[in-house]
Trainee: 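So that we are looking at the same thing, I have put the structure below in structure tokens.
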Amino acid sequence: MHEIDEREILKVLGELKAKRVLIQTPEGLKHEAQFLADFLEENGIEAIISGDINYGACDPADREAKALGCDALIHLGHSYMKLNLEVPTLFVPAFAKVDVLPALEKNLDEIKKLGRKIALVTTAQHIHQLERAREFLENGGFEVLVGDGDGRVSWRGQVIGCNFTAAKVDADGVLFIGAGYFHPVGVALAVRKPTLAVNPYSRDAIWMNEEAEWIIRKRWAQIAKAYDVEKFGVVVSTKKGQLRLGEARRIIKLLREHGKYARLIAMNHISYPALEGFDFDAYVVVACPRVPIDDVENWRKPVLTPPEVELLLGLREDYEFDEIFG
Ligand code: SF4
């Protein structure tokens with residue numbers, strides 16, 4: 001269950017004098033989106049729900065809202081991301097109602113294995129409980145560090161799937177509070193320190209480092225498959241918060257300097273089947289780092305991230321997780 005403040009949304013829409021809005025939602029908030037649409041219509045605002053799946057604040061449907069003649073976009077489930085948007089946009093994070101303290105209490109012995117000085121991070125869903133969690137842990141004798149994060153995140157201690165800067169502090173290990181797999185494994189990949197994920201719903205605690213090492217082994221296998229490749233497709237996303245044209249051009253330049261053929265491809269939704277038919281032997285995805293890592297099994301050809309290209313070309317030695325910085 002999540003908390004969404006419909007009255008606050010209505011108030012802001014009133015200030016904007018909005019008559020028609022588009023509501024964009026991630027998979028897990030479809031019921032809340034429908035409820036919000038009903039509530040807004042009862043209050044005189046025409047509400048259209050976007051049926052496209054949304055994965056992050058990086059992909060606001062502002063262009064679609066404009067095309068539909070909407071005065072505003074309501075983007076549910078994610079915190080604010082600084083982007084150049086075409087209509088006024090309300091980023092409405094949904095805060096989970098679950099209490100995080102019982103899960104911390106249950107797993108204190110595991111948490112102690114991180115060391116005395118721990119970094120504490122979470123996702124937007126639980127960020128409103130971060131201070132309570134910090135106090136609880138400090139009362140338990142830990143020194144708790146909450147990193148600022150960079151401009152891509154909205155709160156201290158917040159991580160998103162492509163940005164783990166809040167976890168990069170001088171701690172012995174990282175405690176992640178939240179559900180799901182990609183965020184804590186991303187922390188472990190990005191920080192390379194002992195990382196424990198405590199799930200406030202199941203109250204389980206899982207160490208993420210073995211999983212991270214397993215992913216790194218699989219990534220090295222992708223790099224090895226690309227060693228003799230001559231023709232690379234370098235793919236950028238047209239989603240506003242994933243668009244890294246400068247980085248893509250840098251990768252193309254590097255590949256060409258090393259005698260490879262490289263061509264830039266732009267896509268909205270990046271998936272391998274849409275690339276079938278082009279004459280490339282491997283791809284570099286310069287977009288959401290989850291695409292080449294989560295979906296690797298769906299790619300018939302090697303698919304790399306920008307830091308992996310640097311490894312391939314012998315320009316770096318240590319594995320580095322691809323992040324988008326703000
Ligand atoms: Fe999430 Fe990927 Fe967007 Fe980052 S780029 S916010 S990980 S969907």
Side-chain angles (χ1 to χ4, degrees), residues 24-29 50 52-64 73 75-85 89-94 96 121-127 147 149-155 157-168 176 178-191 195 197 208 211-212 215 219 234-248 251 266-272 283-296 298-299 303-308 320-326:
Q24 187 182 22
T25 178
E27 186 64 34
L29 293 177
S50 168
D52 291 328
I53 299 174
N54 174 257
Y55 296 102
C58 59
D59 184 21
D62 59 314
R63 282 180 284 222
E64 292 83 344
L73 168 68
H75 180 101
L76 294 183
H78 305 112
S79 58
Y80 170 78
M81 189 176 279
K82 193 174 167 207
L83 298 168
N84 195 9
L85 300 176
T89 299
L90 284 72
F91 288 90
V92 183
V121 292
T122 185
T123 57
Q125 284 84 354
H126 308 288
I127 200 81
D150 69 8
R152 194 163 168 85
V153 293
S154 301
W155 296 285
Q158 182 194 6
V159 292
I160 56 177
C162 54
N163 186 300
F164 301 96
T165 48
K168 294 177 182 171
F176 169 87
Y181 159 85
F182 193 85
H183 288 99
V185 88
V187 171
L189 283 165
V191 176
T195 301
M208 301 311 300
E211 192 62 34
I215 289 177
R219 299 314 303 165
V234 177
V235 188
V236 287
S237 169
T238 55
K239 296 183 194 302
K240 284 186 178 171
Q242 298 183 16
L243 183 50
R244 301 154 74 189
L245 205 48
E247 178 68 348
I251 292 299
M267 302 175 82
N268 186 328
H269 181 67
I270 300 173
S271 72
Y272 180 73
Y283 292 92
V284 185
V285 171
V286 191
C288 174
R290 300 184 65 151
V291 173
I293 295 181
D294 280 10
D295 302 340
V296 65
N298 299 330
W299 291 64
V303 55
L304 305 180
T305 66
E308 289 167 357
E320 187 181 308
F321 185 63
D322 185 27
E323 287 181 79
I324 306 178
F325 299 111

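Note that ligands are numbered from 1 as they come in the structure, with each ligand's atoms numbered from 1 the same way.
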Trainee: Taking the side chain from Gln242 and the backbone from Ile324, do they hold a donor-acceptor pair closer than 3.5 Å?
Mentor: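 Not confirmed, Gln242 side chain does not pair with Ile324 backbone.
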Trainee: Roughly how far apart are Glu308 CD and Ile293 CD1, rounded to 0.5 Å?
Mentor: 6.0 Å
Trainee: Pick from Asn54, Leu90, Leu29: which one makes a side chain to side chain contact (heavy atoms under 4.5 Å, CB included) with Leu76?
Mentor: Leu29
Trainee: Scan side-chain atoms only and decide if Glu64 and Ser50 contain a donor-acceptor pair under the 3.5 Å cut-off.
Mentor: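 The answer is no; no qualifying pair exists.
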Trainee: What part of Glu323 sits under 4.0 Å from ligand 1 if we count only heavy atoms: the side chain, the backbone, both or neither?
Mentor: neither
Trainee: Return the number of protein N, O or S atoms with a distance to atom 2 (Fe) of ligand 1 smaller than 2.8 Å.
Mentor: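 Total protein N/O/S atoms under 2.8 Å from atom 2 (Fe) of ligand 1: 1.
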Trainee: For Arg152, take its heavy atoms, then give the atoms of ligand 1 lying under 4.0 Å from any of them.
Mentor: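 Those of ligand 1 that fall under 4.0 Å from Arg152 are 4 (Fe), 5 (S).
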Trainee: Honestly, is Arg290 close enough over Phe182, meaning NZ or CZ under 6.0 Å from the six-membered ring centre and within 45° of the axis?
Mentor: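 Arg290 over Phe182 ring: yes.
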Trainee: Give, for atom NZ of Lys240 and atom CZ of Arg63, the distance between the pair rounded to the nearest 0.5 Å.
Mentor: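 If I round to the nearest 0.5 Å, the distance is 5.0 Å.
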Trainee: Residues in salt bridge (charged side-chain N to carboxylate O under 4.0 Å, His left out) with Arg152, at least two apart?
Mentor: none
